Amino acid sequence: MTAQKLDGKATAAAIKAELTTRVAALAARGVVPGLGTLLVGDDPASHSYVAGKHRDCAEVGIASIREELPADATQADIEAAVRRLNDDPACTGYIVQLPLPRGIDTNRVLELVDPDKDADGLHPTNLGRLVLRVNEEVTSPLPCTPAGIVELLERHGVPLEGADVVVVGRGVTVGRSIGLLLTRRAVNATVTLTHTGTADLAEHTRNADVVIAAAGVPGVVTADIVKPGAVVVDVGVSREIDPQTGKGRIVGDVHPGVWEVASWVSPNPGGVGPMTRAMLLANVVATAERHAG
Ligand SMILES: Nc1nc(=O)c2c([nH]1)NC[C@@H]1CN(c3ccc(C(=O)N[C@@H](CCC(=O)O)C(=O)O)cc3)C=[N+]21
């Protein structure tokens with residue numbers, strides 16, 4: 001038995017098609033959503049992610065606004081760029097591409113972002129809104145990767161009501177925030193957050209209906225620690241050189257052997273990554289719709 005694929009690429013394409021319709025409806029009312037990106041330095045991976053985001057925007061009819069700063073930009077330079085994006089009426093939502101160069105106070109930069117333009121859903125105000133809205137619909141921007149994971153599971157019919165979900169990894173962008181989405185009354189999953197201080201990881205994962213692997217440790221989730229028939233989501237993005245081809249490749253947190261045990265697995269690439277990008281667009285469109293009234 002081989003697991004079925006949680007197809008992030010196809011699901012993201014479907015979401016983008018839906019967003020294209022919503023963007024066209026906004027355009028008919030004279031509203032054009034604009035996504036801004038602030039990119040500092042010359043990390044090739046960051047450049048490639050940002051380029052992907054602008055390609056996505058072009059696809060659905062969202063305008064692009066780019067701010068680029070050199071690797072030696074100061075805290076003040078970066079904060080000035082954030083203020084420009086806050087003040088630019090053409091920019092309805094934007095992201096500060098992470099990581100910022102060493103020596104920059106990232107939290108200070110992120111707190112300067114206008115919460116109503118926070119396309120990443122990572123501003124403390126929006127994370128706080130998510131904490132506070134247990135029972136009602138969340139109308140503020142959601143963190144993109146967690147929102148993308150929930151959307152990926154729901155669109156494949158994975159039952160979450162009453163499910164035992166184990167999250168591996170306590171990073172801010174995924175591990176620490178995804179439980180806030182999964183434990184809302186509308187979803188009703190039970191969530192365990194594991195991390196490097198967890199005494200016995202396998203004891204938790206072996207009982208899980210859903211494992212979300214977001215540790216950034218290649219292959220940490222192996223077949224022997226997954227319950228037969230469980231659903232496994234691979235969030236980790238590590239890069240290594242393929243010894244066969246000598247080229248770089250992405251390695252996830254899920255060991256390939258898991259496909260023989262699980263019922264559903266998200267491939268990596270082609271799983272969570274494209275969903276993250278789709279949810280970024282969804283945040284920008286939803287914000288523009290709210291502003292349009
Ligand atoms: N402010 C901020 N917001 C982010 O959302 C953010 C960030 N900073 N910094 C870096 C991480 C990483 N991230 C990814 C997005 C898409 C793919 C993606 O689409 N990946 C493709 C493969 C792309 C490739 O081959 O390189 C896939 O999984 O199929 C991956 C990773 C967003 N991040």
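Because the structure is predicted, anything quoted here is derived from the model rather than measured. Keep in mind that the numbers below use all heavy atoms, side chains included, and drop hydrogens, waters and symmetry copies. As the structure lists them, so they are numbered: ligands from 1, and atoms in each ligand from 1.
Every residue meeting the side chain to side chain donor-acceptor pair (under 3.5 Å) condition with Thr222, not counting sequence neighbours, appears here in chain and number order: Asp224. Taking His204 as the reference, nothing meets the side chain to side chain donor-acceptor pair (under 3.5 Å) condition, with sequence neighbours excluded. Evaluation of the side-chain contact (heavy atoms from CB on, under 4.5 Å) rule for Glu289 yields Arg22, Leu26, Val285 as partners, not counting sequence neighbours.
With contacts defined as side-chain heavy-atom distances shorter than 4.5 Å, the pair Arg239/Arg249 does not qualify.
Sorted by chain then number, the residues whose non-hydrogen atoms approach ligand 1 to under 4.0 Å are Tyr49, Lys53, Val96, Gln97, Leu98, Asp120, Ile250, Pro269, Gly270, Gly273, Pro274, Thr276, Arg277.
Here Leu39 contributes atom CG and Leu100 contributes atom CG; the two are 9.5 Å apart, rounded to the nearest 0.5 Å.
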Q | Test log, rule salt bridge (Lys or Arg N to Asp or Glu O under 4.0 Å), inputs Arg155 and Glu151 | A | CA-CA 6 Å; Arg155 289 190 186 227; Glu151 197 75 27; 2.8 Å; yes
